[in-house]
> 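First, the structure itself, so that you have it in front of you.
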There are 2 protein chains.
Amino acid sequence: MAVRQVTIKDIAREAGVSPSLVSFVMSNSVAGKQLYRVNCETSKRVLAVAERLQYKPNNTARALRSGKTGTIGVVLSDISNPFFAEIARFLEDAAYSYDYNVVFASTDEDPEKFRRVVNVLINKGVDGLILVPCGGTEDIIRGLVTGCVNTVLLDRTVPDLEVSSVVLDNRAAARTITDELLSRGAKRIDMVSYSMQISNTRDREQGYLDAMAAAGLAGSTHIERVAHNNYGSVADYVREAKDRGVEAFMIATNTLSLQVISEIYKSGCRIPEDFKVACFDRNPLYDIYGSGIVYVRQPVDAFASKAMELVMSHIKSKSGKKHPVEQIVLSPEITG
Amino acid sequence: MAVRQVTIKDIAREAGVSPSLVSFVMSNSVAGKQLYRVNCETSKRVLAVAERLQYKPNNTARALRSGKTGTIGVVLSDISNPFFAEIARFLEDAAYSYDYNVVFASTDEDPEKFRRVVNVLINKGVDGLILVPCGGTEDIIRGLVTGCVNTVLLDRTVPDLEVSSVVLDNRAAARTITDELLSRGAKRIDMVSYSMQISNTRDREQGYLDAMAAAGLAGSTHIERVAHNNYGSVADYVREAKDRGVEAFMIATNTLSLQVISEIYKSGCRIPEDFKVACFDRNPLYDIYGSGIVYVRQPVDAFASKAMELVMSHIKSKSGKKHPVEQIVLSPEITG
DNA sequence: TTATATTGTTAAATCGTTATAACTATTTAT
DNA sequence: ATAAATAGTTATAACGATTTAACAATATAA
């Protein structure tokens, strides 16, 4: 695209040395195992020429030869979802700190799309994958792991699989915010969740049930499971819940929260007067409007840095060797 | 990383043909200029073998030889900002529709960071760049354009430069929402803006001034320019504005809006009773709380698809030739 | 019938780097 | 003094594709 690349050969010619030597000089700073001994004088001369000619190493060639692209693929539900957008940003920065790049792909919770983008990323030649699995991707992930692809799961995990992961302690988080609703006087608390089969949602449901049971309300639990992207059903449900005398909602995800809160207001009700609300993920306006919404603040930065750390350790540990699988569970913060 | 790549040679051996032929078969579907004539039978046989061996072309090798990576670099302010996150998603999808990938980098409005990430992306070998310029990047962008790097500017433009761009009609948008505030009875309207020197902010300020002047209020305009990421100053300003008898705010960006709205509520005031507010960019909660905030809804999908279209047309038009520069201005929608 | 196109295929160069083995020249050990 | 080790460097073969030129073999034209 640009003018013409200055190659290692140009430098070699100009500096009166062989291309190999230039290569050694260039990669000496990050010398892996064996430090190639090169004369300090020549090294300086080569670097000077490189500087003068404005040499920029060709990463494609480097990648082809070395098998390492310096890129991590990140597959998530939807990068426009604020939760993932924030993670994306931290991942970008984390990757940068390792001199790596990151390339994102969204799945919209569709396992077929998941498979597709994972394949595209692998073909592009990523050194590792950070994945937010969606329902129905267990086999794909198992395939990656057995195929020795450096894989780290984020936000959600897959049971019975030897794979590294970084997730929230969802069960504890859910229990805590449900407890908070209880302590604010609510007894009839519904949980609104997704019908997808993903670990974090299931754990959150369990936390809700834990809290209710501990409060002696095991009999009056209700989990409303909404299909992903089915907005209509939420409206009906909120109306129905109101009739049923529900006093509070515990909501499993940020997108769902916006829908439920929207329906509450549309039906002329207020928070917290008519309904108390607890949910996952922060929204700046929750605080601003002083709406009294209790929410779980996920340590998004830790998600990103830990996931990146894990995938890097996988990459470092020579492929072929057994993966240093590590499953990290992070603690939530509660606000509101 | 994975097991071992199936190469074009494996297929050649298995199918009893030469590697070249396999290459022809593989790239025949996307035959550029010259369609290489290959026997239908052999073609089928080769494809069958490829299918059986689960051949996945090595994009790195392909990129090295062909000089095309199939990747577009996107440089924006901050991918965790909802406005850019949404654009990111649309860009991802748009790229995919061209069989391309997209890699993002955030600048935090820092020209030095901008220069750095642009260089990283170029070294990685992107086929084109979509850039959201920040203040102080004019020279860098000029350098790219003269260096024949396929460049498209997004959301903001750089004056006096022959470069393709996709921006909102910011002046018209700003005028419209200011008019809306006026029609709702506000006379003392302040504009809150950033002190950065970027085209869209300047245009929005002009639109505000246009509307005020047309209403005969040229004398009572006030533009408060806040430094990027300087939260403290907003609090002081809102207090001061209240004392000054300001009735409405016209706010230049989404992040700034959240700050101003937050301060309004913190100071015990309400929207729209105490202050009317007009701003840029949607936030789902604006609608939900029925807060009566007027806002400009930017056609984010069109931003993305147009920008991708432009960069693709640059790529198609043989490098060396004159760029088909095109500057697109999109119309806003107003809600509230 | 001889010359010329056309079809189907292949050999070989190339993209820009890395990595291995080998090769001097010099130093150190014996 | 000879062998062995070391420092500094280079030649060369990859990496996995694309692409150009060339080559048979056959078909068409003159």
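By convention in this document, chain letters (A, B, ...) are assigned in the order of the sequence lines, proteins followed by strands, and residues within each chain are numbered from 1. Excluded from the calculations below are hydrogen atoms, water molecules and symmetry mates; all remaining heavy atoms, backbone and side chain alike, are included. Computed from a predicted structure; not experimentally measured.
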> Which pairs pass salt bridge (Lys or Arg N to Asp or Glu O under 4.0 Å) with one or both residues in residues 51-60 of chain A, sequence neighbours excluded?
Glu14(A)-Arg52(A)
> Between Arg115(A) and Glu112(A), is there a side-chain N and carboxylate O pair less than 4.0 Å apart?
yes
> Within the sub-3.5 Å range, which N or O atoms of nucleotides 5-8 of chain C have a protein N or O partner, and how far apart are they?
from, atom 1, to, atom 2, distance (Å)
dG8(C), N7, Arg37(B), NH1, 2.6

> Okay, side chain of Thr69(A), backbone of Gly125(A): is any donor-acceptor separation there less than 3.5 Å?
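Yes, the answer is positive, given that a donor and an acceptor are paired below the 3.5 Å cut-off.
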> Tell me the interatomic distance from Arg62(A), atom CZ, to dC15(C), atom C1', rounded to whole angstroms.
15 Å
> Does Asp93(B) have any salt bridge (Lys or Arg N to Asp or Glu O under 4.0 Å) partners at least two apart in sequence or in another chain, and if so, which?
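For Asp93(B) the salt bridge (Lys or Arg N to Asp or Glu O under 4.0 Å) partners, ignoring immediate neighbours, are Arg89(B).
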> What bend angle does the helix from dT1(C)-dA30(D) to dT30(C)-dA1(D) show across its length, from five-pair end axes and to the nearest 10 degrees?
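End-to-end axis angle: 50°.
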> Going by the rule salt bridge (Lys or Arg N to Asp or Glu O under 4.0 Å), which residues pair with Lys306(B) if we only count those two or more places apart in sequence or in a different chain?
Glu309(B)
> List, with names and distances, any nitrogen or oxygen atoms from the protein found under 3.5 Å away from nitrogen or oxygen atoms belonging to nucleotides 11-15 of chain D.
from, atom 1, to, atom 2, distance (Å)
dA11(D), N7, Ser20(A), OG, 3.2
dA11(D), N6, Ser20(A), OG, 3.1
dT12(D), O4, Ser20(A), OG, 3.4
dA14(D), N3, Arg65(A), NH1, 2.9
dC15(D), O2, Arg65(A), N, 3.4

> Output all residues satisfying salt bridge (Lys or Arg N to Asp or Glu O under 4.0 Å) with Glu326(B), sequence neighbours left out; order by chain, then residue number.
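Here no residue qualifies.
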> In whole angstrom, give the distance that lies between atom CD of Gln5(A) and atom C1' of dT14(C).
14 Å
> Please list, chain by chain and in numerical order, all residues satisfying side chain to side chain donor-acceptor pair (under 3.5 Å) with Arg142(A), sequence neighbours excluded.
none
> Among all residues two or more places apart in sequence or in another chain, which pass the side-chain contact (heavy atoms from CB on, under 4.5 Å) test with Tyr55(B)?
Val6(B), Ile8(B), Ile11(B), Met26(B), Ala50(B), Pro57(B)
> Write down the distance between CE (Met26(A)) and P (dG16(C)), rounded to a whole number of angstrom.
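Nearest whole value for this atom pair: 15 Å.
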> For residues 152-161 of chain B, pull every pair meeting side chain to side chain donor-acceptor pair (under 3.5 Å), keeping only residues two or more places apart or in separate chains.
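Pairs touching residues 152-161 of chain B that pass the test: Ser77(B)-Arg156(B), Glu109(B)-Arg156(B), Asp155(B)-Asn200(B).
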> Show every donor-acceptor pair shorter than 3.5 Å between a side-chain atom in residues 130-139 of chain A and any protein atom, with sequence neighbours excluded, or say none if there are none.
from, atom 1, to, atom 2, distance (Å)
Thr137(A), OG1, Cys134(A), N, 3.4
Thr137(A), OG1, Cys134(A), O, 2.6
Glu138(A), OE1, Gly136(A), N, 3.4

> Could you state the atom-to-atom distance from CD1 of Ile8(A) to P of dC15(C) in whole Å?
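For the pair Ile8(A) CD1 and dC15(C) P, the rounded distance is 14 Å.
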> Can you list everything that forms a side chain to side chain donor-acceptor pair (under 3.5 Å) with Glu86(A)? Sequence neighbours excluded, please.
none
> Roughly, in whole Å, what's the span from CD1 in Ile11(B) to P in dG16(D)?
13 Å
